[in-house]
K.L.:
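Got a structure for you, written out below as structure tokens; questions coming shortly.
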Amino acid sequence: MSYSTLAVLGNPLFPPKSKSKSSPDRKEIISLLQRCKHMNQVQSLHAKIIRKGQEHDPFVVFELIRVCSNFNSIDHASKIFQHAQNPNVYLYTALIDGFVLSGSYVDAIRLFCEMVYESVIPDAYAITSVLKACGSQLAFQEGKQVHGQALKLGLSSNRLIRMKLMELYGKCGEFEDAQQVYAEMPEGDVVASTIMITCYLDYKFINEAIGVFNRVLVRDTVCWTAMIDGFVRNGEFNRALELFREMQEDDVRPNEVTIVCVLSACSQLGALELGRWLHFYIEKYGIKLNHVVGGALISMYSRCGDIDEVQRVFDGMKERDVTTYNSMISGLAMHGKSIEAIEMFRGMMKQGIGPNNITFIGVLNACSHGGLVELGYEIYHSMTRDYGIEPQIEHYGCMVDLLGRVGRLEEAYNFIREMKIAPDHIIFGALLSACKMHGNTEIGESVAKILVDGGCADSSTYILLSNVYALSGRWKEAAQVRAKMEESGMLKEPGCSSIEVNNEIHEFLLGDIRHPQREVIYKKLKELNRVLKLEGYLPSTEMVLHDMEDEQKEWALAIHSERLALSYGLISTTPHTTLRIVKNLRVCSDCHSMIKLVSKITRRKIVVRDRNRFHHFENGACSCGDYW
DNA sequence: CGAGTGACGT
């Protein structure tokens, strides 16, 4: 019997013509759905589907739910699902996927339970989707139950399910379970290993991650990137850069994700030279300057102190979204370019890009660094009034900082009292630091008391309070606070500065003597001090905690880590080279005035990245205008 | 399949 005869006899594969009429319609509508560019196109198609009586065709409904989910219209997808009669496993899975995509993991898990309750048997895709939800929600118990179900259904050897199981257990920190599943995978499997590496690094198990990484048979770009990113997330920036170099020796091409991770390492280290090289690499290999790569580049240049290049990158970008503008605004604010930051904010509005909560943190921060109190108030009010964004603790923090910096301390204190959220130690810390700045012991003392009584005083609170006392000459109290701090076992974070010379980052701690060229560094520093004295430099001694002899005070100041980095920069670079120093704490006022003079004497530009902003020193002046 | 930005204060 020939094939065509079968068809004529009514093979179920070829249904009679009268009934097959809906099939081309179905195909057409599905492909129309898949080609939608906007949600309103989907909605008009939905209306068409209802007109044609296709709203009960499971294939069409499936596609509708998927398309709505992909357009972030989970509510719409949910409504469509509710109208479906006897939804099958595909419809359930489509909606579970939608919930996962929108971050509603609990809803995803709940829907899966509902499906099982309705006696719809899950398939491998449904299991995969719900496991993803369990992993993201850290729902270990629920995940374990799904694992049991997969075993019963004979699906536990499915490769994709095993991947999701590893991810679930790894994300929950249950590494014994994760290892068990991993052991059943082919040895050195690159994808499975990448999952393990990522999870280990989420929990800071660096050595375990390296162990897995070393046993991977063929490492690809994603695997290398996961390891590099893990180093970055764990603060191991130099190791991240080292691994990036190894990756190239291994002839594995970095892609845009790799570049973003390495750029982030450069940003945090202040490694401008490598950052510039990455920028060059992006252009040379035609890596698309999308908003993520562009944002990372902007962030790198601004955090490495090259604010002019920031503008050039921004101008050269085709895709700009709210995050691009956020990077620009916070970058400009960091460099004390408050007006430019505000202009950027206005430009963003002109482009029709709506600001978000992070935008306002940047803008308020810009006002704070520029002392623009009234504008800050205006923007703070417009945030809720015009954009419907309720202030978060960070925004309140910016306002307290803004008021505190200009010396409106009582106003700042009242502002805290009127906040809708309970103030935290960060808010009080901002006020306390303003009290130090303006030498107000009264408010400073009461704020510090709140912090100590609340049990949320950390070492920085004690140091700030002790500085508030020291500033007004109350040495006894200053010493008492310090003693109390040492008693409670709290240690001051050690000052640390670094400088990039010949593509290498050199790190210096307070009074560091580890550097191979320490003798030349200290010699240069002494020589510098002599010249500075001739220029009329008098070290101000107010910021030292102890009531020491004057000479000792001077010495204690002289070895702040930024001075060591500065000295090293001077001896190891050619004259007129710009020096870029990164410091983990805030620069003290004495080092600040010393660096101003050095920039004048040596005729160098010196850029210092502080804990929260940049100082551009040139010809004896600083871009912060001595207000920071 | 598995990897990614932006974020107050100290």
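Order of the sequence lines sets the chain letters (A, B, ...), proteins ahead of strands, with each chain counted from 1. No experiment lies behind these values; they were computed from the predicted model shown.
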K.L.:
Under 4.0 angstrom, heavy atoms only, what part of the nucleic acid is A:Gln392 near: base, sugar-phosphate, or nothing?
P.N.:
nothing

K.L.:
Do A:Arg276 and A:Phe280 form a cation-pi contact, if we require the NZ or CZ to be under 6.0 Å from the six-membered ring centre and within 45 degrees of the ring's axis?
P.N.:
no

K.L.:
Under 4.0 angstrom, heavy atoms only, what part of the nucleic acid is A:Arg405 near: base, sugar-phosphate, or nothing?
P.N.:
sugar-phosphate

K.L.:
If you walk 5' to 3' along DNA chain B, what is the first nucleotide with an atom under 4.0 Å of a heavy atom in chain A, and what is the last?
P.N.:
B:dC1 to B:dT10

K.L.:
According to side chain to side chain donor-acceptor pair (under 3.5 Å), does anything in residues 220-229 of chain A pair up with another residue at least two apart or in another chain? List the pairs.
P.N.:
A:Thr225-A:Thr258, A:Asp229-A:Arg233

K.L.:
Across the strands shown, which category fits A:Asn357 at heavy-atom distances under 4.0 angstrom: base, sugar-phosphate, nothing?
P.N.:
nothing

K.L.:
In terms of side-chain heavy atoms, does A:Thr323 have a donor or acceptor partner in A:Asn326 at a distance below 3.5 Å?
P.N.:
no

K.L.:
Using a heavy-atom cut-off of 4.0 Å across all strands, would you classify A:Val190 as base, sugar-phosphate, or nothing?
P.N.:
base

K.L.:
Any salt bridge between A:Asp189 and A:Arg162, counting N to O under 4.0 Å?
P.N.:
no

K.L.:
Show me the pairs that pass ring pair (Phe, Tyr, Trp, His ring centres under 6.0 Å) and involve residues 356-375 of chain A, at least two apart or across chains.
P.N.:
A:Phe345-A:Phe360, A:Phe360-A:Tyr387

K.L.:
Base, sugar-phosphate, or nothing for A:His395, non-hydrogen atoms under 4.0 angstrom?
P.N.:
nothing

K.L.:
How is A:Arg586 classified with respect to the nucleic acid when contacts are heavy atoms under 4.0 Å: base, sugar-phosphate, or nothing?
P.N.:
sugar-phosphate

K.L.:
Report the C-alpha distance between A:Ser368 and A:Asn365 in whole Å, list the side-chain angles of each, state the deciding distance to 0.1 Å, and finish with yes or no for side-chain hydrogen bond (donor to acceptor under 3.5 Å, both in side chains).
P.N.:
CA-CA 5 Å; A:Ser368 191; A:Asn365 196 222; 4.9 Å; no

